[in-house]
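Single-structure report; data block below.
Numbers restart at 1 for each chain; the letters A, B, ... are given by sequence-line order, proteins then strands. Because the structure is predicted, anything quoted here is derived from the model rather than measured.
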Number of protein chains: 2
Amino acid sequence: MKITLTHATEDYLKAIYAISVDGASASTNALAERLKIAPASVTGMLKRLAEASPPHVDYRKHHGVTLTPEGERAALKIIRRHRLLETYLHEMLGFSWDEVHEEACLLEHVISERFESRIDELLGHPTHDPHGDPIPDLNLVMPQEASVRLSALRPPQKATIQRVDAKDGDLLRFLEGKSLVPGSKLEISAYSPFDGNLTILLNQQEMILGPTITRHIFIEEN
Amino acid sequence: MKITLTHATEDYLKAIYAISVDGASASTNALAERLKIAPASVTGMLKRLAEASPPHVDYRKHHGVTLTPEGERAALKIIRRHRLLETYLHEMLGFSWDEVHEEACLLEHVISERFESRIDELLGHPTHDPHGDPIPDLNLVMPQEASVRLSALRPPQKATIQRVDAKDGDLLRFLEGKSLVPGSKLEISAYSPFDGNLTILLNQQEMILGPTITRHIFIEEN
DNA sequence: ATTAGAATTTAGGGTGGACTAAATTATTTT
DNA sequence: AAAATAATTTAGTCCACCCTAAATTCTAAT
Ligand SMILES: [Mn+2]
Ligand SMILES: [Mn+2]
Ligand SMILES: [Mn+2]
Ligand SMILES: [Mn+2]
């Protein structure tokens with residue numbers, strides 16, 4: 001059973017890649033949750049992906065799936081497109097960083113090789129999208145990123161924001177309003193135990209942020 | 001039976017609009033031909049479009065369809081997107097005029113209102129696409145265009161090319177190579193009877209073109 | 001008015017992709 | 001080890017969209 005990569009399958013592969021970061025397998029439920037699709041439907045699709053030739057996933061009943069080399073290549077290809085598109089929408093079409101995801105998630109299935117390479121070129125071969133997520137290069141090599149959360153810092157550490165992991169538009173707009181965006185430099189001036197609040201100095205301005213927020217911000221110490 | 005405009009239905013509506021230019025109805029066969037879909041499949045879709053609420057076409061068995069006001073609005077909306085996209089791909093992303101159609105035909109079903117208005121703005125609200133086809137404005141009013149074919153001219157008439165009606169990439173590249181593009185001014189210096197060849201002066205250069213070519217070029221006399 | 005040919009519709013099927021409800025299997029708790 | 005709970009799969013549907021082959025209907029020529 002050959003398979004044509006379609007809209008739906010591409011989104012599945014992306015989700016599987018995202019969930020199985022550390023080599024773990026992606027469970028039916030986790031995928032259903034992430035894709036907003038009923039678990040029963042996910043099972044069906046996982047079977048199709050596993051029976052494709054070449055197979056895109058290894059599927060063990062009741063134990064979820066892992067990507068095969070083919071599946072991973074396909075996933076990286078679409079992730080590259082997604083992040084290039086987000087960057088393009090943000091930089092060239094003036095989309096705000098909370099609007100780019102939805103649009104990119106539709107465009108990614110449709111643009112040609114030429115479109116992809118054109119925007120890559122016009123953007124100067126960007127390495128990160130507006131949220132700070134790394135963009136796989138032309139050979140589909142994904143740069144490894146530090147994964148220290150802002151919530152883990154203690155005074156008097158200094159750091160630079162690397163990426164923000166949030167899909168909620170309200171949160172993204174809030175963070176942008178406070179300049180909590182990739183590239184911003186900050187300093188921890190206080191830590192409050194029990195509630196985990198951090199007092200942060202950014203642009204000569206002080207703010208107190210709870211862990212519900214700081215958990216979503218990944219930083220590099222400096 | 002409500003209907004969601006999908007990829008397929010949008011392409012049908014565009015095709016119906018294009019075929020039924022002069023108020024005539026679009027036949028099953030003409031649509032099948034244009035969309036490269038079996039006639040039997042077209043019948044099925046026409047029924048669905050007719051049974052939608054509100055209906056997008058008036059369907060009379062064995063007599064083809066005409067667009068309802070809703071259908072026409074939907075068609076114009078998607079034609080606007082298509083032509084804006086073609087213009088954008090050509091002007092801002094460096095696509096050649098024989099490459100834009102295919103890409104636009106996929107993107108048109110996917111871009112948001114915001115994307116559409118952004119590129120419209122960046123292009124300065126263009127009125128014509130790279131082939132010279134008029135772009136419906138925001139109120140979906142389609143500018144009427146003269147429709148005199150170059151093949152109908154005789155010496156010593158002068159004219160400006162308005163639009164080129166061709167989907168064949170080879171022809172489009174040929175025409176571009178000869179500067180036979182919208183905006184070019186030319187003069188007819190000779191007409192050869194029987195074969196219909198025209199000798200044309202364009203950019204101080206003379207060329208002889210047969211009716212197979214000149215039929216696809218629409219001009220405005222001057 | 002009949003009839004041949006062309007256009008169109010019907011009948012029957014297939015694929016991708018989603019759903020709900022019910023059954024099954026795995027895991028955790030007792 | 002047994003029972004309760006959670007995760008997953010099966011079974012049965014549905015919808016959009018396409019296909020081929022066969023039947024029907026329209027149209028135009030005789
Ligand atoms: Mn997507
Ligand atoms: Mn992103
Ligand atoms: Mn299209
Ligand atoms: Mn065009």
- Message: In whole Å, I'd like the distance from the CG atom of B:Leu46 to the P atom of D:dC18.
- Response: 11 Å

- Pair listing, ring-ring contact (aromatic ring centres under 6.0 Å, His included) test, anchored in residues 67-92 of chain B, at least two apart: B:His82-B:His101

- Item | Short side-chain N/O contact from B:Asn29 to OP1 or OP2 of C:dT8, under 4.0 Å | yes

- Note on the structure: With sugar-phosphate taken as primed atoms, P, OP1 and OP2 and all else as base, the protein-contact string of nucleotides 19-25 of chain D at under 4.0 Å (heavy atoms; B, S, -) is BBB---S

- Message: C:dT24, OP1 or OP2 - any side-chain N/O from A:Lys61 closer than 4.0 Å?
- Response: no

- Message: In this structure, how many angstroms lie between the C1' atom of C:dA26 and the NE2 atom of A:His63, rounded?
- Response: 7 Å

- Does a salt bridge link B:Arg80 with B:Asp120, judged by any charged N lying under 4.0 Å from a carboxylate O? yes

- Message: So does B:Val100 get a backbone contact from the side chain of B:Glu103, meaning a donor-acceptor N/O pair under 3.5 Å?
- Response: no

- Message: Does A:Thr4 reach a base, just sugar-phosphate, or nothing at all? Heavy atoms under 4.0 Å.
- Response: nothing

- Nearest nucleotide by nearest heavy atom, which residue falls closer to the 5' end of DNA chain C, A:Tyr12 or B:Tyr59? B:Tyr59

- Stem ranges of DNA chain C by first residue number, counting only runs of at least 3 Watson-Crick or G-U pairs under 3.5 Å, come to C:1-30 with D:1-30

- Closest to side chain of B:Thr43, choosing from D:dT27, C:dT9, D:dT8: C:dT9

- Message: Surrounding CD of B:Glu145 (heavy atoms of other residues, nucleotides or ligands, distance under 6.0 Å), is the total greater than 12?
- Response: yes

- With a 4.0 Å cut-off, would you call A:Glu220 and A:Arg163 a salt bridge? no

- Message: From NZ of A:Lys47 over to P of C:dG16, roughly how many Å is that when rounded to an integer?
- Response: 15 Å

- Item | Gap between atoms CE and P, on A:Met45 and C:dC19 respectively (whole Å) | 11 Å

- Task: Measure from CG on B:Leu31 to P on C:dT8 and round the result to the nearest Å.
- Result: 9 Å

- Could you tell me whether B:Lys77 and B:Glu113 have a side-chain N and a carboxylate O separated by less than 4.0 Å? yes

- Query: For A:Ile161, which of A:Val181, A:Leu175, A:Leu180 qualifies under side-chain contact (heavy atoms from CB on, under 4.5 Å)?
  - Reply: A:Leu180

- Is there a side-chain polar atom (N or O) of B:Thr9 under 4.0 Å from OP1 or OP2 of D:dA16? no

- Query: Tell me: CD of A:Glu33 to P of D:dT8, nearest whole Å?
  - Reply: 12 Å

- Query: Could you give the CD-to-C1' distance, from A:Glu10 to C:dG16, as a whole number of Å?
  - Reply: 14 Å

- Task: Indicate yes or no for a side-chain donor-acceptor contact from A:Arg149 to the backbone of A:Phe218 under 3.5 Å, with no hydrogens or angles considered.
- Result: no

- Query: With a 4.0 Å cut-off, would you call A:Arg118 and A:Glu121 a salt bridge?
  - Reply: yes

